[in-house]
Amino acid sequence: MAGEWLALFRDPNAQWILFGCMLLGLGSGVIGSFAYLRKQSLMGDALAHAALPGVCIAFMLSGSKSILLFLIGAAAAGVVATFGIGFITRHTRIKQDAALAIVLSVFFGIGIVLLTRIQHSGAGNQSGLDKFLFGQAASMVRSDVILMAVISAVLIAVCALLFKEFKLLSFDPGFARGLGYPVAFLEQLIMLLIVIAVVVGIQAVGVVLMAALLITPAVSARYWTEKLGVMVVLSGVIGALSGLVGTYVSASGNNLPTGPLTVLASTVLFVVSVVFAPRRGLLSKVLLRAAARNELRREKEFLLAERRERREEAV
Amino acid sequence: MKRANPLSIEDLSVAYQKKPVLRDITFEAPEGKLIGIVGPNGAGKSTLIKAALGLIPRLSGSVAIYGKPYSEQRKLVGYVPQRESVDWDFPTNALDVVMMGRYGHLGWFRRPGTAEKKRAMECLEKVGMADFAGRQISQLSGGQQQRIFLARALAQDANLYFMDEPFVGVDAATEKAIVTLLNELKTQGKTVLVVHHDLATVKEYFDWVMLLNERLISFGPAETTFTADNLQRAYGGKLTMLDHGDRSAILVSGRG
């Protein structure tokens, strides 16, 4: 079994894909924890969809498929998108959820139009940009994975260095501002880190499914722990594990795409967490209730028996 | 040289969108006093605190803490936000929240260590919550959560405290603990501004009172400021006084 398992990854190409997917899960799991706790789960989705036109414009302007340029394009589009969401919520009566939905679909629409245009132009076919919708992990090569490793390392290092700041910002931004923290700057920094995670993930899972990798590991991790540090690490581990399982199933020869399988793997881990997690999980709640009910019944029986005894004594 | 007052606010105005919530507020808070900020709903009590702390932008006016701008005096100021302002289902425990009060002193990147932990435990003890240090914060009652916020403010080691409705929705034990704590702060010569909504306890808890309704109605020692006349002006027609000999009961239509 183990030999078979290893054989699947003996091919260097498969190894790169495996590393890539695991790094992606790790990085997005870590930064996703903060997005989830700051109640910005949908923001990740909006930023992922907004990244598409940014990447397309970056490709149209440069004509080359460079992750660095894509990163700049996606970050610029992300800034415009967050600014748009902020503008709509501040100046109209529209609430944030509706503003997110509007911005998300408008940017995605523009992205699809640009994508179609690129594909109809000559250079489009080699660009592989059409893979950005759902991703194609199999297209990852060594240089991609090295860049992903560097970016993931930076992302995790920033989260580790600013752990205390991010924690306070997620729990009580008002208090953080009172302490003199540059709250607006830190919020933008978290947004930027999300955009970075999204761009890293575009190649493997695509813009449509990227939000799942940001949020699902974080939500799953929250079920197992009451400590933020543990949750962030666990979320990264769950993300990496999802990447591992996704790549393994995909490489087992059934020709299914790696990215979506990675997302499905993380969903399976999520379901396991919801059901089996201690204390917070459904199963533990059911058992706890049953135990409480049993105890109550035993107490009642005991009292009844006692009363009966006393009555018999009286007779 | 006379030391500058803990808090002096000059000509402060604040607006949400276009509607002004506070107009031309000017006052000097004296040192070592417990100051209750009282006024009807929407009078701008919380807004005053938030504007003084720079949490919301102000239209005009200046705020000085011990004679200097707030940005230079942050370490002298402690803040207790409204309990409902955060989501308590956050993965952390009581001790950890109290340690957040030390973050301002720690500076960037540095993590809280044993010294911070020790200080946080002392603060938890002061609010009677030492036994709950390791408790997940969503497992605490409303009153206990309020005490955690107070302990966090204590950990800030400040000289001037702002507290936003600390008495709302707490049990009798917590209310008593807060009052004891306020008096302890006062004996240490610290100044505390408290947004308060229960008119019945104002005179009992505070030695100075600020009556607020968009404008500053009156500000001074409780005996001379907390009068039927001033209250009537602050609350308009919403207030009914019932005189029962020496004690007067106050009724406010709607929630006070």
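Each chain gets a letter, A, B and so on, in the order its sequence line appears, and its residues count up from 1. Computed from a prediction, not measured in an experiment: that's the story for all the values here.
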Hey, are Lys75(B) and Asp157(B) close enough for a salt bridge, meaning a charged N less than 4.0 Å from a carboxylate O? no
Between Glu116(B) and Arg119(B), does any NZ, NE, NH1 or NH2 come within less than 4.0 Å of an OD or OE carboxylate oxygen? no
Could you give me the CA-CA distance, side-chain angles and deciding distance for Phe162(B) and Leu55(B), then say whether side-chain contact (heavy atoms from CB on, under 4.5 Å) is met? CA-CA 12 Å; Phe162(B) 293 93; Leu55(B) 303 184; over 6 Å; no
For [X], is it the side chain, the backbone, both or neither that has a heavy atom under 4.5 Å from a heavy atom of chain A?
| X | answer |
| --- | --- |
| Ile56(B) | neither |
| Tyr70(B) | side chain |
| Asp89(B) | both |
| Val97(B) | side chain |

Heavy-atom contact with chain B under 4.5 Å, split by part of [X]:
| X | answer |
| --- | --- |
| Glu165(A) | side chain |
| Arg280(A) | side chain |
| Arg177(A) | both |

Mind running side-chain contact (heavy atoms from CB on, under 4.5 Å) on Tyr161(B) and Leu154(B) for me, showing each step along the way? CA-CA 9 Å; Tyr161(B) 285 96; Leu154(B) 285 182; 4.3 Å; yes
Would Ile196(A) and Ile31(A) count as a side-chain contact (heavy atoms from CB on, under 4.5 Å) if you check the C-alpha gap in whole Å, the side-chain angles of each, and the deciding distance to 0.1 Å? CA-CA 10 Å; Ile196(A) 290 175; Ile31(A) 189 63; over 6 Å; no
So if I apply the side-chain contact (heavy atoms from CB on, under 4.5 Å) rule between Tyr66(B) and each of Asn5(B), Leu7(B), Val77(B), Asn159(B), which one comes out positive? Asn159(B)
Reference residue Met210(B); test side-chain contact (heavy atoms from CB on, under 4.5 Å); the match among Leu48(B), Val195(B), Val38(B): Leu48(B)
Using the six-membered ring wherever Trp is involved, compare the ring planes of Phe270(A) and Tyr223(A) and label them parallel, tilted or perpendicular (cut-offs 30° and 60°). perpendicular
Greatest number of heavy atom pairs closer than 4.5 Å to chain A - which of [options]:
| options | value |
| --- | --- |
| Tyr79(B), Trp108(B), Tyr103(B), Phe109(B) | Tyr103(B) |
| Asp96(B), Val80(B), Asn93(B), Leu53(B) | Asp96(B) |
| Arg74(B), Arg152(B), Gln156(B) | Arg152(B) |

Hey, which of Lys167(A), Lys39(A), Arg90(A), Met231(A) has the most heavy atom pairs under 4.5 Å with chain B? Lys167(A)
Winner by heavy-atom pair count (cut-off under 4.5 Å) against chain B, out of Tyr181(A), Phe163(A), Phe171(A): Phe171(A)
